[in-house]
Number of protein chains: 2
Amino acid sequence: MKAEPVKDEDESKGRRLKGGDAQKLTMAEVAKYVGVSAMTVSRAFRQDASVSEETRKRIMEAVDALGYVLDLSAGSLSSRRSGFIAALVPSINNSNFSDTARGITDALENTGLQLLLGYTDYSAEKEEKLIEAMLRRRPEGIILTGGSHTDRARRMLDKAGIPVVETWEIPEEPINHVVGFSNSEAMSLLVRALASQGYRRFGYIGGTTARDTRGSQRRSGFLKTVEELGLGPGRAISFGVPPITMEQGGQAVVSLLERWPDTEVVLCVSDLSAFGAIMECKRRGMRVPEDIAIAGFGDYEISSICYPSITTINVDCYGIGRQAAARLLDALQDGGEASADEITLTGYRVVLRESTERGAR
Amino acid sequence: MKAEPVKDEDESKGRRLKGGDAQKLTMAEVAKYVGVSAMTVSRAFRQDASVSEETRKRIMEAVDALGYVLDLSAGSLSSRRSGFIAALVPSINNSNFSDTARGITDALENTGLQLLLGYTDYSAEKEEKLIEAMLRRRPEGIILTGGSHTDRARRMLDKAGIPVVETWEIPEEPINHVVGFSNSEAMSLLVRALASQGYRRFGYIGGTTARDTRGSQRRSGFLKTVEELGLGPGRAISFGVPPITMEQGGQAVVSLLERWPDTEVVLCVSDLSAFGAIMECKRRGMRVPEDIAIAGFGDYEISSICYPSITTINVDCYGIGRQAAARLLDALQDGGEASADEITLTGYRVVLRESTERGAR
DNA sequence: GGGCAAGATGATATCGATAACAATCTGAAG
DNA sequence: CTTCAGATTGTTATCGATATCATCTTGCCC
């Protein structure tokens with residue numbers, strides 16, 4: 001794309017030495033080399049700025065030749081735009097959240113904004129620390145998972161004066177923007193779908209701890225709906241601290257079936273625990289769904305591949321990311337007043353699969 | 001930990017307005033508020049700096065009261081330390097790499113360094129772009145996955161004068177530090193382990209594309225070893241572009257068995273494709289391992305949970321991250337001369353599980 | 001009491017780019 | 001030929017913290 005000057009040999013020799021020559025290469029030096037002012041070099045780096053094609057070309061050749069790399073940390077100080085947005089997710093090792101992160105990254109492409117990602121490990125304290133660490137870098141916006149934050153975190157976010165997007169649920173007291181869905185209603189939908197297939201004795205695997213508010217909401221949605229359908233009380237057991245692993249899902253289903261052996265169908269807080277539960281059942285010689293039906297939540301890739309494939313709630317994880325980033329970008333353009341305090345609802349749907357197939361029974 | 005002043009009501013009201021009051025809160029203002037110089041405030045934020053306990057306490061109270069948040073972008077300009085390191089991984093939605101990322105993050109805790117993570121989607125071009133984007137923020141070090149980079153990327157890294165760690169494999173021409181293992185030898189080890197159990201007719205699923213060098217190395221390790229054992233030629237088929245998904249693993253095993261119906265054991269480039277292959281086999285009524293044995297690579301969580309559990313190579317993903325970060329930290333302290341160009345080998349081991357159990361045959 | 005080290009604090013220059021405004025040039029319209 | 005808009009480039013001040021050096025205490029030792 002750029003003009004290719006001489007691919008000189010000496011560019012690549014003697015470089016193992018740390019920081020030899022480039023350490024102090026600055027825009028001013030590029031400018032001197034080309035014979036223009038630093039300001040013109042600065043302009044050449046931006047598409048919109050008015051620099052003649054001819055000058056830009058010469059500058060870019062010099063940049064290539066010298067191996068200059070723009071220094072954003074200097075630029076962001078004077079322009080007062082850090083050029084990145086922060087996002088916090090509970091865990092990166094979770095394909096639901098990494099899909100969301102991917103959605104954010106994709107939406108940010110070509111905006112000149114970069115994503116700074118952090119993971120909170122489902123802990124509000126860690127989240128608070130991370131928020132502070134992020135704010136110290138003056139992000140232009142921040143995307144959070146969930147609506148449960150420490151007081152100090154809320155204060156810092158308020159003070160920061162940047163758009164905030166809470167995702168993946170619908171907080172009772174939103175800070176600013178929201179892109180999410182009701183975990184409780186989604187789980188309720190799944191219960192009703194299964195009840196309408198004839199299931200009556202429902203079990204549930206998943207915690208209640210404050211650490212995972214989405215999990216708690218799913219649980220309460222489950223209990224409420226089972227009650228409403230006159231099938232209560234629901235048989236729910238908790239297990240470990242979030243996130244519940246596949247292995248814990250396996251242990252949990254065993255406890256649940258020991259306690260309530262006649263359970264017909266078990267709903268799990270996520271597909272991961274559902275997968276663990278199914279595999280443990282098969283290992284113990286039970287048939288799924290003939291002996292016990294099992295469903296998950298989240299529609300992870302594993303659930304469509306697994307045999308039996310797993311009934312679940314499909315959540316638009318990637319879309320949550322994209323839309324959260326879009327809301328942020330809007331807010332940054334509009335000055336942030338326009339769409340604030342509106343809630344963007346994202347879709348979800350029941351996906352019925354083999355793990356709850358009724359005919360087989 | 002810090003003194004808790006008055007939790008005043010008015011701190012939290014009227015904050016929905018974007019950027020109201022805090023927009024311009026600066027260290028100088030905190031200093032004026034306390035009655036010291038800005039420099040003293042700056043010192044109070046660092047543990048090592050010499051400030052009297054009494055003064056630090058007053059400053060921190062003021063910081064709390066005013067809601068001041070340190071601005072690192074300003075600080076890094078003058079101190080010439082950006083305070084973060086960059087890491088590039090092929091994919092965040094892959095628990096092997098997210099374990100590595102976790103290892104890095106953990107190793108960085110309490111060093112004052114932050115991780116800036118990017119994902120290359122297995123593309124060298126995307127990697128080049130990302131490296132440039134990262135270098136613009138002047139990271140103090142950078143961790144890469146693999147040893148295959150574009151020329152321009154190498155030049156930029158050379159020029160940058162910061163420690164570089166390549167991970168997850170052993171590059172032919174290392175840039176600087178290396179923390180990894182031989183994917184080829186690891187796969188070879190797995191072949192030998194299975195051969196010594198009596199398996200003779202080996203199949204392989206996984207690509208050869210330049211995109212995934214680790215995958216290619218595993219493949220060539222497979223082919224070479226099968227040959228060496230006098231069991232060749234190995235039956236290898238490629239499928240799609242990396243990363244091979246679970247679903248593609250399922251499709252691939254079908255093609256492979258159509259082409260070479262008498263295959264006894266199939267090795268896959270990763271546990272994910274192995275899982276897909278196993279599930280597809282079960283769906284088609286084949287028994288694993290009785291009718292066909294299948295093994296993976298990477299020891300993902302899924303492999304120990306799955307029924308049948310999956311034979312695989314366990315890789316110390318988390319350790320790769322920790323050690324890469326440790327090498328970086330060392331280099332930053334020593335001035336980088338000490339350990340450069342040494343290769344840190346990380347461990348791997350064969351994990352035999354149900355999916356290749358021989359007795360059942 | 002003098003001298004001096006260690007501790008605490010302040011004053012000033014500076015990091016490297018960009019905002020804001022000024023200056024210059026070009027060409028077209030009048 | 002003059003004028004003026006628009007394009008191009010330059011000059012200077014500045015973003016907000018920190019490095020560096022200077023200053024001022026305090027206390028201890030001989």
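Every chain is numbered from 1, with letters handed out A, B, ... down the list of sequences. This one's a predicted model, so the numbers in the text were calculated from it and none came from an experiment.
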If you look at every strand shown and take non-hydrogen atoms under 4.0 Å, does [X] touch a base, only sugar-phosphate, or nothing?
| X | result |
| --- | --- |
| B:Ser79 | sugar-phosphate |
| B:Thr55 | sugar-phosphate |
| A:Tyr68 | sugar-phosphate |
| B:Arg136 | nothing |
| B:Ser73 | nothing |

Are there more than 12 heavy atoms of other residues, nucleotides or ligands under 6.0 Å from atom NZ of B:Lys126?
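Yes - once you tally the heavy atoms of other residues, nucleotides and ligands closer than 6.0 Å, there are more than 12.
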Tell me if the CZ atom of A:Arg81 is crowded by more than 12 foreign heavy atoms within 6.0 Å.
no
Options [options], nucleotide nearest the side-chain atoms of [X]:
| X | options | value |
| --- | --- | --- |
| B:Met27 | C:dG16, D:dT9, D:dT18 | D:dT18 |
| A:Val51 | D:dT9, D:dT18, C:dG16 | D:dT9 |
| A:Ser50 | D:dT18, D:dT8, C:dT9 | D:dT8 |
| B:Ser52 | D:dT9, C:dA17, C:dT9 | C:dT9 |

Is [X] salt-bridged to [Y], cutoff N-O under 4.0 Å?
| X | Y | value |
| --- | --- | --- |
| A:Asp99 | A:Arg102 | yes |
| B:Lys24 | B:Glu29 | no |
| B:Glu61 | B:Lys57 | yes |
| B:Glu54 | B:Arg58 | yes |

Between [N] atom [atom2] and [X] atom [atom1], what is the distance in whole Å?
| X | N | atom1 | atom2 | answer |
| --- | --- | --- | --- | --- |
| B:Arg80 | D:dT20 | CZ | C1' | 12 Å |
| A:Leu66 | C:dG16 | CG | P | 16 Å |
| B:Leu70 | D:dC15 | CG | P | 18 Å |
| A:Glu54 | D:dA7 | CD | P | 18 Å |
| B:Arg138 | C:dC15 | CZ | C1' | 12 Å |
| B:Leu77 | D:dT14 | CG | P | 17 Å |
| A:Lys32 | C:dA17 | NZ | P | 13 Å |
| A:Leu72 | C:dG16 | CG | C1' | 11 Å |

Output all residues satisfying ring pair (Phe, Tyr, Trp, His ring centres under 6.0 Å) with A:Phe97, sequence neighbours left out; order by chain, then residue number.
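Partners of A:Phe97 under the ring pair (Phe, Tyr, Trp, His ring centres under 6.0 Å) test: A:Trp168.
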DNA chain C nearest-nucleotide lookup for A:Ser78 and B:Arg58: closer to the 5′ end is B:Arg58
Between the protein and nucleotides 10-12 of chain D, which nitrogen or oxygen pairs come in under 3.5 angstrom?
{"from": "D:dG10", "atom 1": "OP2", "to": "A:Ser37", "atom 2": "N", "distance (Å)": "2.8"}
{"from": "D:dG10", "atom 1": "OP2", "to": "A:Ser37", "atom 2": "OG", "distance (Å)": "3.0"}
{"from": "D:dG10", "atom 1": "OP2", "to": "A:Thr40", "atom 2": "OG1", "distance (Å)": "2.6"}
{"from": "D:dG10", "atom 1": "N7", "to": "A:Arg43", "atom 2": "NH1", "distance (Å)": "3.3"}
{"from": "D:dG10", "atom 1": "O6", "to": "A:Arg43", "atom 2": "NH2", "distance (Å)": "2.5"}

Between A:Arg81 and C:dA17, does any side-chain N or O lie under 4.0 Å from OP1 or OP2?
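No, A:Arg81 has no side-chain N/O under 4.0 Å of OP1/OP2 on C:dA17.
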Return the set of residues passing salt bridge (Lys or Arg N to Asp or Glu O under 4.0 Å) with B:Glu173 (not counting sequence neighbours), or none when no residue passes.
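Testing B:Glu173 for salt bridge (Lys or Arg N to Asp or Glu O under 4.0 Å), a comparison that skips the adjacent residues, returns none.
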